[in-house]
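Shown next, in structure tokens, is the structure this report addresses.
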2 protein chains.
Amino acid sequence: MHSFLQSSNDLLRQRGYRLTPQRHMILRVIQEADEHLSIDQIMERVQQLNPYVSLSTVYRTLELLKSVGLVRESHLPGEQPLYETAEGHAHHHLICRRCKATFHLDEELLGNLNEQLQKQYHFHGLSLELMAAGYCNECWHKIQQEQTQE
Amino acid sequence: MHSFLQSSNDLLRQRGYRLTPQRHMILRVIQEADEHLSIDQIMERVQQLNPYVSLSTVYRTLELLKSVGLVRESHLPGEQPLYETAEGHAHHHLICRRCKATFHLDEELLGNLNEQLQKQYHFHGLSLELMAAGYCNECWHKIQQEQTQE
DNA sequence: GTTCGTGCAAATACTTTGCAAGTCG
DNA sequence: CGACTTGCAAAGTATTTGCACGAAC
């Protein structure tokens, strides 16, 4: 886990960015989370490490980390944008609309769709994002109950 | 085209909502567009029909139309949310990050993925949204040129 | 007449920006 | 030292809400 931070830091350096404590912290928070984090969650956790980090810095840093490809952003309509580390496999998301439980779906799920689309539409640098939203079994049953009660 | 509005209106009624001129106009604007529209674009077009419609009404109506399933919302990270009519086939989007050119991808592209996921994860009422973002051929070449100039 | 919907203005939330001070290499 | 970053406060945007008036049923 530590080596990830290390190589992330190296990557930033290569691109001519500095390794500030703030950037280090924000990156660490994102990489140590096993979930996606909203800006607020990131802010909260960073402030536990150092209460003086400002929200603007979080915004600016996320922008930076996105631009160098260390962090990915995803956005379910009607929700806050979510951030997660871009290390390891790209993957997709399955979310329960009610309890927000999230599952990661392997990228392979889409097979060679990426290449296929690039060819067919002559697109370049294509990235695919699949968002699957519905109700998990538990929430589904709760909803059924709620409705019969009315 | 007119029959769509008709049946949409009926649907609203069934759900106990009223058929106000504003709702009618907003729905019409969305259904007549062959593209996705941002809130601003919708507002602009609605105001051409009647300059006194307020922005809050557009927000409120979109929320309503989403909730009854007449309109779909999609959201590419870092962009404005986009709205389009939900009539006809569900489909996915391929967008050029630079010029915003948009292509519609048939829902069938994903095969039986929906059913597959519902079974595997015990999810219900699942909807899939695939967003493919990259650079179209033209923009890609422009970007290459810009970079060699530096 | 009662309920629902709208416009307006104000409130809220979210994000970006200018700038002076501080930090890194 | 010079270039890059940060924090703070202010400005911008985007979205939601309270409420009185008007429209629909």
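Order of the sequence lines fixes the chain letters, A, B, ..., with proteins taken first and strands second; residue numbering starts at 1 for each chain. Values below: every heavy atom of this structure, side chains too, minus hydrogens, waters and symmetry copies.
The CG-P distance, from A:L12 to D:dT5, rounds to 9 Å in whole Å. B:L82 places its CG atom 15 Å from the C1' atom of D:dA14, with the value rounded to the nearest Å. Rounded to an integer number of Å, the gap from CG of B:L62 to P of D:dT16 is 10 Å. What separates CE of A:M43 from C1' of C:dA13 is a distance of 15 Å, to the nearest Å. Residue B:L55 contributes atom CG, which lies 19 Å from atom P of C:dT12 at whole-angstrom precision. With rounding to whole Å, A:Q47 atom CD is found 10 Å from D:dG7 atom P. The nearest whole Å value for the distance from the CD atom in B:Q80 to the C1' atom in C:dT15 is 14 Å. When the C1' atom of C:dG22 is taken as reference, atom OH of A:Y52 falls 16 Å away, rounded to whole Å.
Judged by distance alone, with hydrogens and angles left aside, the side-chain atoms of A:H75 form a donor-acceptor pair with the main-chain N or O of A:E79 at under 3.5 Å.
Pairing each heavy atom of B:M25 with each of B:L49, the nearest pair is SD-CB, 3.5 Å.
Listed pair A:S54 / D:dT6 fails the phosphate criterion, with no side-chain N or O lying under 4.0 Å from OP1 or OP2. Contact annotation: B:Q22 side-chain N/O to D:dA23 OP1/OP2 distance is not under 4.0 Å. When the side-chain nitrogen and oxygen atoms of B:R13 are compared with OP1 and OP2 of D:dA24, none of them lie within a distance under 4.0 Å.
Using a 4.0 Å heavy-atom criterion, one finds that A:T20 contacts the sugar-phosphate atoms exclusively.
Side-chain atoms of B:R60 and base atoms of C:dG7 include a donor and an acceptor less than 3.5 Å apart.
Candidate nucleotides D:dA9, C:dT3, C:dT6 were compared by shortest atom distance to the side chain of B:R18, and C:dT3 ranks first.
When each of B:Y59 and A:N50 is assigned the nucleotide of DNA chain D bearing its nearest heavy atom, the one mapping closer to the 5' terminus is A:N50. The residue among B:L19 and A:Y17 whose nearest nucleotide of DNA chain D is located toward the 5' end is A:Y17.
Crowding of B:E138 atom CD: a count of heavy atoms from other residues, nucleotides or ligands under 6.0 Å not exceeding 12.
Residues B:H36 and B:H104 place their aromatic rings such that the two centres sit under 6.0 Å apart. Checked against the 6.0 Å centroid criterion, the rings of A:F123 and B:Y135 do not qualify as a close aromatic pair.
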